[in-house]
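Remember, it's a predicted structure, so these values are computed and weren't measured experimentally.
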Amino acid sequence: MVKALKGVSIKGYFDFKIGEKVRRFDQSNVSEFLERIPRALARMIARHYPGEASLVPIPNSHVIASTTPGFKTLELAEKIAANGNGKLKVVPALVFGEVQQKSREGGPRDPKHFESAYRIVRTLSGPVILVDDVCTSGGHLVAAYWRLNKQASPVVLACTFGKTTKAQLKNPIGMREDQIDVTRR
């Protein structure tokens, strides 16, 4: 599912319960599943933070300007905001100073690295909600929290579509809540 969200072809299928019916999704119909994600994330955000906020997408590793093509998390944030009942606005405030090596290809995961690699390119005011496609170690989210809180924009929530796990989950599809430690070490 995360591959599909990233725009990568999926092999195989997954089953997902919608209402009382189980639907099978594969490459031929995965776009129908992807259409559901922004609505679900907007509802989850509203449950945790019902006020107005700025959605700040975590930049993909190649994003060095808010206009960089293929800024997938920006696209996701825009779709979430469109489902946010007018309470969410998208502010692509973070980009990288230079292209980063992808984490899944051996690139860094250390929040200290990302904190110095991020550039703030838009001024923020008011509450911030971070948006990312997947959380692996939390390094990107923690670094964004550190960078943006320095600017006096409180990060009140972080939202991702997926989370990397090392163990097979009995029910891998559904809403989950985790807390990430943002203290400096």
Side-chain angles (χ1 to χ4, degrees), residues 1-7 16 18-19 25 30-96 100 111 114-115 117-164 173-182:
M1 292 180 287
V2 171
K3 284 184 178 183
L5 185 66
K6 290 180 177 278
F16 184 70
I18 301 172
F25 292 95
V30 74
S31 62
E32 295 172 38
F33 177 77
L34 294 174
E35 290 171 9
R36 305 177 82 76
I37 294 168
R39 284 192 310 266
L41 292 176
R43 284 193 307 269
M44 187 276 307
I45 288 169
R47 279 197 306 271
H48 290 282
Y49 192 81
E52 293 183 0
S54 296
L55 298 179
V56 175
I58 300 298
N60 306 88
S61 59
H62 71 287
V63 173
I64 57 173
S66 59
T67 57
T68 301
F71 192 164
K72 292 291 190 183
T73 51
L74 174 58
E75 295 170 20
L76 177 60
E78 289 169 341
K79 290 174 184 176
I80 293 169
N83 287 277
N85 297 322
K87 292 185 176 187
L88 304 172
K89 66 179 179 180
V90 179
V91 182
L94 290 175
V95 298
F96 286 110
Q100 302 291 299
F114 293 118
E115 181 184 22
Y118 284 144
R119 287 186 313 123
I120 298 176
V121 294
R122 299 281 263 316
T123 303
L124 291 161
S125 63
V128 170
I129 297 172
L130 302 174
V131 176
D132 204 355
D133 51 6
V134 65
C135 176
T136 301
S137 66
H140 289 273
L141 296 170
V142 170
Y145 173 87
W146 290 344
R147 279 291 275 171
L148 295 175
N149 275 335
K150 285 181 181 176
Q151 192 190 40
S153 296
V155 176
V156 296
L157 187 66
C159 177
T160 68
F161 167 67
K163 175 152 177 54
T164 302
I173 300 174
M175 296 291 185
R176 292 195 179 16
E177 296 178 27
D178 291 322
Q179 290 191 0
I180 296 175
D181 182 4
V182 294

F25 versus I18, closest heavy-atom pair with distance: CZ-CD1, 3.9 Å

Residues in side chain to side chain donor-acceptor pair (under 3.5 Å) contact with E75, at least two apart in sequence or another chain: none

Which atom of Y49 lies closest to which atom of P127, heavy atoms considered: OH-CG, 3.0 Å

Rounded distance (nearest 0.5 Å) linking atom CG of D133 with atom CG of N60: 6.0 Å

For the student: nearest non-hydrogen atoms of S125 and S54, plus distance: O-OG, 4.2 Å

Test side chain to side chain contact (heavy atoms under 4.5 Å, CB included) applied to L141 and T160, step by step: CA-CA 10 Å; L141 296 170; T160 68; 4.0 Å; yes

Distance (rounded to the nearest 0.5 Å) between L76 CG and L34 CG: 10.0 Å

Closest non-hydrogen atom pair, I64 against T68: N-OG1, 3.4 Å

Heavy-atom side-chain proximity of R147 to F114 below 4.5 angstrom: no

Any donor-acceptor pair under 3.5 Å from D132 side chain to T73 backbone: no

Distance (rounded to the nearest 0.5 Å) between L41 CG and I129 CD1: 11.0 Å

Side chain to side chain contact (heavy atoms under 4.5 Å, CB included) between V182 and N149, intermediate numbers included: CA-CA 11 Å; V182 294; N149 275 335; over 6 Å; no

Atom of V142, atom of P111 and distance for their closest heavy-atom approach: CG1-CB, 3.8 Å

Side chain to side chain contact (heavy atoms under 4.5 Å, CB included) between L148 and L130, intermediate numbers included: CA-CA 10 Å; L148 295 175; L130 302 174; 3.7 Å; yes

Chi angles and distances behind the side chain to side chain contact (heavy atoms under 4.5 Å, CB included) call for L124, V56: CA-CA 9 Å; L124 291 161; V56 175; 3.9 Å; yes

CZ-NZ distance between R39 and K79, expressed to the nearest 0.5 angstrom: 11.5 Å

Min side-chain heavy-atom separation L55-I45 under 4.5 Å: yes

OG-NE2 distance between S61 and H140, expressed to the nearest 0.5 angstrom: 7.5 Å

Non-hydrogen side-chain atoms of P59 and Y118 separated by less than 4.5 Å: yes

Least distance between heavy atoms, I58 atom then A144 atom: CD1-CB, 3.5 Å

Distance in Å, N85 CG paired with R43 CZ, rounded so as to fall on 0.5 Å steps: 10.5 Å

